[in-house]
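Here's the structure we're looking at; comments come further down.
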Amino acid sequence: MSFVFNLVLVLHLLGMAAIVGGWFVVARSPRIAEPIVWGARAQILTGLILVGLAQAGWSDHKPDNAWVAVKLVVALAVVALSEITRAKNKRGESFNPNLVHAVGGLAVVNVLVAALWT
Ligand code: HEM
């Protein structure tokens, strides 16, 4: 059963790589590339599945509720900012380039929460 948890964790790590890697690629000329938005969406879905599987005993430990809440709020900000900025990019509207850095920076915040808040 933990194989399934680990498989979803791999998808979760690939989603993280899409956001952070995508951000590195566009850092010099900020815009939201498609993989960043898909990575942000994937993090919410795979994260919630991981929490569900852990609560059902498919992992060797259950995540703390405060930990999950912090990660969820940060991830919702990441997905909202990336969707809004991507829509503006597509329509050719002006946008604040710092929002692109906020998306990447907040994703890194969630990596820090995941790895350091144990
Ligand atoms: C931008 C969004 C996110 C990023 C960058 C991110 C990043 C990560 C990383 C790097 C890990 C691996 C940590 C490790 O194995 O030591 C992880 C694990 C995990 N994440 Fe996320 N995460 C995000 C969003 C979420 C959300 C929204 C949830 C749930 C609501 C969530 C729940 C989890 C869970 C349950 C684990 C497994 C922890 C464990 O048992 O080892 N994540 N995340």
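We count ligands from 1, going down the list as the structure has it; atoms in each ligand are counted the same way. What you are looking at is a predicted structure, and each value in this text was computed from that prediction instead of being measured.
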Task: Any N, O or S atom of K71 closer than 2.8 Å to atom 21 (Fe) of ligand 1 - done: yes
Task: Student check: side-chain heavy atoms of V111 and M16 closer than 4.5 Å - done: yes
Open item on the list: Please check this pair: side chain of T85 against backbone of S82, looking for a donor-acceptor N/O pair closer than 3.5 Å.
Closed with: no
Task: Distance from atom 35 (C) of ligand 1 to nearest protein heavy atom, with residue and atom - done: L50 CB, 3.6 Å
Task: ligand 1-proximal atoms of V74, by part, heavy-atom distance under 4.0 Å - done: neither
Task: Exercise check, heavy-atom protein proximity under 4.0 Å to atom 14 (C) of ligand 1 - done: no
Open item on the list: Which residue is it: L81, I19, V79, V73? I am looking for the one with a side-chain contact (heavy atoms from CB on, under 4.5 Å) to L106.
Closed with: L81
Task: Residue pair R41 / E83, side-chain heavy-atom distance below 4.5 Å - done: yes
Open item on the list: List ligand 1 atoms under 4.0 Å from L9, heavy atoms only on the residue side.
Closed with: 18 (C)
Task: N or O pair under 3.5 Å between H61 and ligand 1 - done: yes
- [ ] For W67, counting its heavy atoms only, list the atoms of ligand 1 lying under 4.0 Å from any of them.
- [x] 19 (C), 20 (N), 32 (C), 33 (C), 34 (C), 35 (C), 36 (C), 38 (C)
- [ ] Distance to 0.1 Å, residue and atom name: give those for the protein heavy atom nearest to atom 1 (C) of ligand 1.
- [x] N110 ND2, 3.7 Å
Task: Side-chain touch I36/V103, heavy atoms, less than 4.5 angstrom - done: yes
Open item on the list: Going by the closest heavy atom to atom 10 (C) of ligand 1, which one wins out of V20, L76, L13?
Closed with: L13
TODO: Check whether any side-chain heavy atom of F95 sits under 4.5 Å from a side-chain heavy atom of I32, and report yes or no.
DONE: no
Open item on the list: Measuring only between side-chain heavy atoms, which start at C-beta, is L76 closer than 4.5 Å to L72?
Closed with: yes
TODO: Looking only at protein heavy atoms, identify the closest one to atom 4 (C) of ligand 1 and say how far it is in Å.
DONE: Q43 NE2, 3.3 Å
Open item on the list: Within the structure provided, determine whether V74 and V113 are in side-chain contact (heavy-atom separation under 4.5 Å).
Closed with: no
Task: Close-contact set for ligand 1 against A114 heavy atoms, below 4.0 Å - done: 8 (C), 9 (C), 11 (C), 13 (C), 17 (C), 43 (N)
Open item on the list: Is it the case that the side chain of W58 and the backbone of G52 share a donor-acceptor pair, with hydrogens and angles ignored and the cut-off at 3.5 Å?
Closed with: no
Task: Heteroatom distance test (S59, ligand 1): nitrogen or oxygen, under 3.5 angstrom - done: no
- [ ] Have a look at ligand 1 and work out which part of L106, if any, has a heavy atom under 4.0 Å from it: side chain, backbone, both or neither.
- [x] neither
Open item on the list: Students should be able to answer this: which protein heavy-atom is nearest to atom 28 (C) of ligand 1, and at what distance?
Closed with: G47 CA, 3.4 Å
TODO: Could you list which atoms of ligand 1 come closer than 4.0 Å to a heavy atom of A107?
DONE: 5 (C)
Task: F5: numbered ligand 1 atoms lying under 4.0 Å from its heavy atoms - done: 37 (C), 40 (O)
Task: Contact atoms of ligand 1, heavy-atom distance to A75 under 4.0 Å - done: 2 (C), 27 (C)
TODO: Determine whether I84 and L99 make a side-chain contact, defined as any pair of heavy atoms from C-beta on separated by less than 4.5 Å.
DONE: no
Task: Proximal ligand 1 atoms for L48, defined as those under 4.0 Å from one of its heavy atoms - done: 29 (C), 30 (C)
TODO: State whether the number of non-hydrogen atoms from other residues, nucleotides or ligands found under 6.0 Å of N65 atom CG is greater than 12.
DONE: no
